[in-house]
Student: 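Quick one: structure below, then a few questions.
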Protein chains: 2
Amino acid sequence: MCSPQTQLAEVDAMKLTTKGRYAVTAMLDLALHGQTGPVSLAEISVRQEISLSYLEQLFSKLRRHGLVTSTRGPGGGYSVSRELGDVAVSEIIGAVNESVDATQCAGKENCHSHGRCLTHDLWEGLSAQIEEFLSSVSLQDMIDRHRVHSSSVRQEEVIVQQPFV
Amino acid sequence: MCSPQTQLAEVDAMKLTTKGRYAVTAMLDLALHGQTGPVSLAEISVRQEISLSYLEQLFSKLRRHGLVTSTRGPGGGYSVSRELGDVAVSEIIGAVNESVDATQCAGKENCHSHGRCLTHDLWEGLSAQIEEFLSSVSLQDMIDRHRVHSSSVRQEEVIVQQPFV
DNA sequence: GCATAACCCACCAAATTAGTCAAGTATTAT
DNA sequence: ATAATACTTGACTAATTTGGTGGGTTATGC
């Protein structure tokens with residue numbers, strides 16, 4: 001990012017876009033409806049109003065990252081491949097945001113003299129914190145927290161037990 | 001988002017893109033160099049390698065949101081309008097990501113029967129947490145934390161004093 | 001007055017996102 | 001076997017966002 005030839009340079013920081021939201025939404029649908037067996041993308045497409053082809057793109061990446069497993073044939077579909085508590089939101093978002101990432105100035109080469117690099121470091125630090133935060137939230141967490149929240153339980157618990165260590 | 005006419009519907013959730021990063025970076029530059037007076041966009045442009053015109057776009061929004069004040073004429077420039085501890089990262093990112101947002105299904109209208117809305121709620125919950133997290137980090141926090149981190153002080157402090165309450 | 005800088009605006013090229021379409025391949029219930 | 005179901009792949013496109021140009025206008029310190 002600091003070398004001249006890499007003009008704008010995507011550091012592979014956590015990106016929060018609708019793409020990631022679609023992926024998380026779909027994974028949540030899978031988590032909620034997948035107890036009895038595989039869930040077809042067609043079902044998810046209808047329930048979540050995401051186009052089937054777009055879901056195929058997303059799940060192709062999710063599968064390559066080992067987050068879901070597929071079952072072919074009639075009655076087939078996708079299943080979450082691990083326990084819900086072991087699937088972090090950051091993994092889901094990271095999986096669908098994967099890029100070829102060829103042009104990356106790995107590490108910090110000549111990045112110590114310019115004023116840019118201090119702010120660069122500061123942003124990296126924040127970025128790392130966001131990622132750490134999203135790493136600490138699993139699908140199970142999201143479901144549990146919602147359950148607690150939507151019932152008339154005290155808010156205190158929800159706020160105190162934040163995932164950030 | 002749940003009504004049929006709103007197909008994809010941007011809920012105004014926190015978006016983490018390069019645009020927001022540019023804004024935070026520029027604000028940090030302002031914070032670090034603005035002690036002696038206003039800082040011109042030209043300076044920031046050189047230091048942070050962001051085009052002047054793009055900075056103008058960003059600061060136009062930052063100014064309209066009251067995060068910076070401008071001083072015209074020679075020796076002029078921008079200043080952070082509040083104390084650094086009072087400027088949250090979430091405000092900066094939110095300011096530059098403002099959208100006209102006309103087509104929005106405000107509130108939750110007919111959103112209680114479909115399966116979509118549970119996952120929708122779950123995402124909203126996470127989104128709120130991310131926003132809350134970013135709200136708790138100020139420019140001053142970022143600078144302080146970096147200072148602590150870059151000197152050879154124990155890591156413990158940094159980890160323990162996380163901004164998330 | 002003049003250079004400096006904020007401000008404003010319309011327009012644009014490239015990249016990314018989101019979605020479509022079509023032709024496959026694999027699995028399995030029957 | 002075979003049809004049905006479901007996943008795979010890739011090319012293609014529309015919409016949006018990103019980042020930038022280039023033209024100007026206004027305010028102000030010297």
Side-chain angles (χ1 to χ4, degrees), chain A residues 1 6-10 12-13 15-23 25-26 30 34 37-46 48-64 68-79 81 93 96-103, chain B residues 1 6-10 12 15-23 25-26 30 34 37-46 48-64 67-79 81 93 96-103:
Chain A
M1 154 156 258
T6 318
Q7 307 103 312
L8 303 175
E10 267 316 295
D12 51 356
K15 268 194 303 186
L16 279 187
T17 63
T18 54
K19 191 176 194 173
R21 189 184 67 190
Y22 280 148
T25 299
L30 210 56
V39 180
S40 75
L41 294 188
E43 291 177 59
I44 301 179
S45 174
V46 170
Q48 306 302 330
E49 297 174 27
I50 307 172
S51 86
L52 180 57
S53 304
Y54 199 40
L55 280 176
E56 284 171 353
Q57 282 180 44
L58 299 178
F59 274 81
S60 173
K61 293 182 177 181
L62 292 172
R63 191 178 62 84
R64 279 199 290 273
V68 297
T69 53
S70 58
T71 310
R72 301 173 88 136
Y78 285 96
S79 311
S81 54
I93 295 173
V96 297
N97 282 340
E98 63 168 3
S99 54
V100 275
D101 206 18
T103 58
Chain B
M1 153 156 259
T6 319
Q7 306 103 310
L8 301 177
E10 267 316 296
D12 52 355
K15 267 194 305 184
L16 278 187
T17 63
T18 53
K19 192 175 193 173
R21 189 184 64 189
Y22 279 145
T25 298
L30 211 55
V39 180
S40 75
L41 294 189
E43 290 176 59
I44 302 179
S45 174
V46 170
Q48 305 303 328
E49 297 174 28
I50 307 172
S51 87
L52 181 58
S53 305
Y54 198 41
L55 281 175
E56 283 175 353
Q57 284 179 42
L58 298 178
F59 275 80
S60 172
K61 293 182 177 181
L62 292 172
R63 190 178 62 88
R64 278 198 290 273
L67 297 177
V68 297
T69 54
S70 59
T71 311
R72 297 174 90 141
Y78 286 95
S79 312
S81 53
I93 295 174
V96 298
N97 282 341
E98 64 169 3
S99 54
V100 276
D101 207 15
T103 58

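A note on names: the letters A, B, ... follow the listed sequences, proteins ahead of strands, and every chain is numbered from 1.
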Student: Minimum heavy-atom separation for B/Val96 and B/Gly20, please, with both atom names.
Tutor: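 So the minimum-distance heavy-atom pair works out to CG2-CA, 4.1 Å.
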Student: Provide the closest heavy-atom pair for A/Pro38 versus A/Ser79 in the form atom of the first, atom of the second, distance.
Tutor: CA-OG, 3.7 Å
Student: Specify the separation, in whole Å, of atom CD1 of B/Ile50 and atom C1' of D/dT18.
Tutor: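 Atom CD1 in B/Ile50 sits about 13 Å away from atom C1' in D/dT18.
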Student: Any side-chain N or O of B/Tyr22 less than 4.0 Å from the OP1 or OP2 oxygen of D/dG20?
Tutor: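 For D/dG20, OP1/OP2 do not have a side-chain N/O of B/Tyr22 under 4.0 Å.
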Student: Quick one: OG1 on B/Thr25 to OH on B/Tyr22, what's the gap to the nearest 0.5 Å?
Tutor: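 Those atoms lie 8.5 Å apart.
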Student: Without decimals, in angstroms, what is the distance between A/Arg64 CZ and D/dC7 P?
Tutor: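 Taking atom P of D/dC7 as the reference, CZ of A/Arg64 is at 15 Å.
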Student: Scan B/Leu41 against the nucleic acid and name what it touches under 4.0 Å (heavy atoms): base, sugar-phosphate only, or nothing.
Tutor: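 Sugar-phosphate contact only - B/Leu41 comes under 4.0 Å of backbone atoms but never of a base.
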Student: Using the side-chain contact (heavy atoms from CB on, under 4.5 Å) criterion, which residues pair with B/Arg64? Sequence neighbours excluded.
Tutor: B/Ser60, B/Lys61, B/Glu98
Student: Applying a 4.0 Å non-hydrogen cut-off, can you work out what A/Phe59 is touching in the nucleic acid: base, sugar-phosphate, or nothing?
Tutor: nothing
Student: Please report the shortest heavy-atom distance between B/Ser45 and B/Ser51, naming the atom on each side.
Tutor: OG-C, 4.0 Å
Student: Rounded to whole angstrom units, what separation is found between the NZ atom of A/Lys19 and the P atom of D/dT17?
Tutor: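 These atoms are roughly 16 Å apart.
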Student: Rounded to the nearest Å, what distance is computed from the CG atom of residue B/Leu55 to the P atom of nucleotide C/dC7?
Tutor: 13 Å
Student: With sequence neighbours left out, write down each residue that passes side-chain contact (heavy atoms from CB on, under 4.5 Å) with B/Ser40, or none if nothing qualifies.
Tutor: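 B/Ala42, B/Glu43.
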Student: I need the minimum non-hydrogen distance between B/Lys15 and B/Asn97, along with the two atoms involved.
Tutor: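 Heavy-atom minimum between the residues: O-ND2, 3.1 Å.
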Student: Tell me which nucleotide among C/dG19, D/dT18, C/dA6 gets nearest to the side chain of A/Tyr54.
Tutor: C/dG19
Student: Nearest whole Å is fine: how far is D/dT9 P from A/Leu52 CG?
Tutor: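 Distance, rounded to whole Å: 15 Å.
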Student: OP1 or OP2 of C/dT17 sitting under 4.0 Å from any side-chain N/O of A/Lys15?
Tutor: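 Yes, because at least one side-chain N or O of A/Lys15 sits under 4.0 Å from OP1 or OP2 of C/dT17.
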Student: Rounded to whole Å, please give me the gap between CG in B/Leu58 and C1' in C/dA6.
Tutor: 15 Å
Student: Under the rule for side-chain contact (heavy atoms from CB on, under 4.5 Å), what residues qualify as partners of A/Arg63, not counting sequence neighbours?
Tutor: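 Scan of A/Arg63 (side-chain contact (heavy atoms from CB on, under 4.5 Å), adjacent residues dropped) gives A/Val68, A/Ser70, A/Tyr78.
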Student: Which parts of nucleotides 10-16 of chain D does protein reach within less than 4.0 Å, heavy atoms only, written one letter per nucleotide 5' to 3' as B for base, S for sugar-phosphate only and - for none?
Tutor: -------
Student: Where is the tightest heavy-atom contact between A/Ala26 and A/Leu55, given as atom of each residue plus distance?
Tutor: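 What the structure gives for the nearest pair is CB-CD2, 3.9 Å.
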Student: Give every pair of a protein N or O atom and an N or O atom of nucleotides 25-30 of chain D that lie under 3.5 Å apart, one pair per line with the distance.
Tutor:
residue : atom : partner : partner atom : Å
D/dT26  : O2   : B/Arg72 : NH2          : 3.1

Student: Rounded to whole angstrom units, what separation is found between the CD1 atom of B/Ile93 and the P atom of D/dT18?
Tutor: 12 Å
Student: In chain order, what residues pass the side-chain contact (heavy atoms from CB on, under 4.5 Å) check against B/Gln57, with sequence neighbours excluded?
Tutor: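 Partners of B/Gln57 by the side-chain contact (heavy atoms from CB on, under 4.5 Å) criterion, ordered by chain and then number, come out as B/Tyr54.
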Student: Are B/Arg63 and C/dC7 close enough that a side-chain N or O sits under 4.0 Å from OP1 or OP2?
Tutor: yes
Student: Do any side-chain nitrogens or oxygens of B/Ser40 fall under 4.0 Å of OP1 or OP2 in C/dT4?
Tutor: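 Checking C/dT4 against B/Ser40, no side-chain N or O comes under 4.0 Å of OP1 or OP2.
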Student: Check the distance between C/dT17's P and B/Leu16's CG and give it to me in whole angstrom.
Tutor: 13 Å
